[in-house]
Amino acid sequence: MVAQTAGPENGWLIIHGGGTVSNETKKRFVALAGGPDANFVLIPTALSEKQINARGSFDVQERAWAKSWGINHFTILHANDKAHANSEYFIDALRKASGVWIMGGRQWRLADAYLDTGVESEIKALLDRGGVVGGSSAGASMQASFLVRGDSTKPGFPDGDNRIMVGNHQKGFGLLTHSAIDQHLNPGKREHDLEEVIEKHPELLGLGIYEGAAVVVHGDSFEVVGGQVNIYDGNQHSGALYYCLSPGQFNFGRVA
């Protein structure tokens with residue numbers, strides 16, 4: 001039986017399915033954080049070191065990201081270990097912020113660096129005071145309680161094998177309770193992958209988010225923006241183990 005899925009009581013989540021983040025989603029994120037003069041944090045840790053370094057210095061990345069998102073004040077936080085994640089610099093930046101965006105890549109890197117650290121605690125504190133946490137791709141999956149595609153151990157795969165749905169990393173931040181979140185769904189791609197997760201963990205609600213789409217969550221209510229989202233509740237729906245939601249307002253208590 002699916003347990004009650006819910007987001008933060010005071011704050012907001014933006015769970016993006018990967019690909020291009022639309023201007024509508026960017027504007028929603030900035031507005032929920034308090035506008036362009038609020039303090040923002042960008043977390044690129046799901047990317048490999050090579051990918052991060054290829055983007056240039058953090059100063060260059062900050063200017064490019066600020067211009068793209070229309071914001072004025074933000075900090076990039078990137079740690080390779082929990083000691084760094086517990087540093088005063090990280091904690092202070094998050095305590096001053098009202099918006100956090102977690103980039104895509106491999107979600108196991110986020111788990112290795114930030115689970116059970118001050119970063120996780122301060123992200124949850126930010127939500128308690130009414131802020132917003134958003135993320136795309138890996139940054140979407142990490143917001144769930146159960147982490148899908150979290151393999152980091154398959155021989156010959158230095159970045160892990162993200163085709164493995166139930167890997168050696170299975171814990172997310174739990175910002176959306178009793179949930180598993182998959183991303184980069186497109187027609188004919190990944191629609192059935194969450195089925196095995198929900199079969200093994202029937203207490204979870206699965207969300208499969210198509211590229212370009214986003215789910216905006218507040219408490220037990222959510223809005224689908226810019227595309228399609230599949231809901232996996234362990235039941236049959238016209239011969240499928242999921243059903244589809246188009247843009248609109250919904251309630252977790254009524255979709256499971």
Side-chain angles (χ1 to χ4, degrees), residues 7-8 11-47 51-52 55-56 58-79 85 89-107 109-111 113-114 117-144 147 172-176 181 183-184 209 211-218 222-223 225-226:
W12 299 78
L13 305 177
I14 297 184
I15 308 169
H16 185 265
T20 302
V21 181
S22 69
N23 287 332
E24 177 184 6
T25 299
K26 290 178 181 179
K27 289 177 181 177
R28 182 75 69 90
F29 172 71
V30 173
L32 289 172
D37 287 323
N39 290 319
F40 294 87
V41 165
L42 174 67
I43 298 177
T45 304
L47 297 170
Q51 289 171 319
I52 292 173
R55 293 169 176 259
F58 279 180
D59 286 344
V60 171
Q61 294 183 49
E62 286 175 357
R63 289 194 296 270
W65 203 74
K67 181 178 180 181
S68 173
W69 288 68
I71 60 178
N72 299 319
H73 312 292
F74 83 97
T75 303
I76 292 179
L77 296 182
H78 170 54
Y89 178 78
F90 276 57
I91 303 306
D92 184 62
L94 287 165
R95 286 180 177 172
K96 292 177 179 176
S98 55
V100 172
W101 188 269
I102 307 171
M103 294 178 65
R106 291 289 189 264
Q107 41 266 51
R109 293 192 181 103
L110 296 166
Y114 300 125
T117 69
V119 168
E120 179 181 359
S121 297
E122 292 303 327
I123 283 175
K124 292 176 177 177
L126 179 152
L127 292 170
D128 286 342
R129 60 180 182 263
V132 56
V133 174
S136 184
S137 188
S141 290
M142 193 65 195
Q143 296 183 53
L147 189 64
F173 284 149
L175 309 181
L176 185 66
I181 299 170
Q183 16 70 20
H184 289 294
I209 308 175
E211 289 188 354
V215 178
V216 182
V217 180
H218 179 67
F222 68 100
E223 180 182 359
V225 178

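Along the sequence shown, the residues carry numbers beginning at 1. Atoms considered below: every heavy atom in the structure, side chains included; atoms not considered: hydrogens, waters and symmetry mates. Here the structure is a predicted model, which means the values were calculated and not measured.
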Report task. Only pairs at least two apart or in different chains count here, so list each ring pair (Phe, Tyr, Trp, His ring centres under 6.0 Å) that has a residue in residues 119-141. Result -> none
Query raised in the report: Would you say the side chain of L32 lies within less than 4.5 Å of the side chain of I14, judging by non-hydrogen atoms?
Result: yes
Query raised in the report: Mind checking what makes side chain to side chain contact (heavy atoms under 4.5 Å, CB included) contact with A46, not counting sequence neighbours?
Result: L110, A138
For residues 64-71, run the donor-acceptor check on the side chains, cut-off 3.5 Å, and write out each pair with its distance to 0.1 Å, sequence neighbours left out.
residue, atom, partner, partner atom, Å
S68, OG, K26, NZ, 2.8

Query raised in the report: Excluding sequence neighbours, so at least two apart, what forms salt bridge (Lys or Arg N to Asp or Glu O under 4.0 Å) with R106?
Result: none
Query - side chain to side chain contact (heavy atoms under 4.5 Å, CB included) partners for A31, two or more places apart - result: none
Query raised in the report: Of all residues at least two apart in sequence or in a different chain, which pass the salt bridge (Lys or Arg N to Asp or Glu O under 4.0 Å) check with D92?
Result: K96
Query raised in the report: Which side-chain hydrogen bond (donor to acceptor under 3.5 Å, both in side chains) pairs, counting each pair once, include a residue from residues 31-45, with sequence neighbours left out?
Result: D37-N72, T45-H78, T45-Y114
**Report entry** Qualifying residues under salt bridge (Lys or Arg N to Asp or Glu O under 4.0 Å), relative to E223, sequence neighbours excluded
**Finding:** R28
Report summary line: For F173, the ring-ring contact (aromatic ring centres under 6.0 Å, His included) test, sequence neighbours excluded, returns none
Query raised in the report: Are any non-hydrogen side-chain atoms of L127 and L13 less than 4.5 angstrom apart?
Result: yes
Report task. Would you please name every residue forming a side chain to side chain donor-acceptor pair (under 3.5 Å) with T20, sequence neighbours left out? Result -> none
Requested in this report: With sequence neighbours left out, write down each residue that passes salt bridge (Lys or Arg N to Asp or Glu O under 4.0 Å) with K124, or none if nothing qualifies.
Outcome: E120
Query - All side chain to side chain contact (heavy atoms under 4.5 Å, CB included) counterparts of E211, not counting sequence neighbours - result: H184, N186, K189
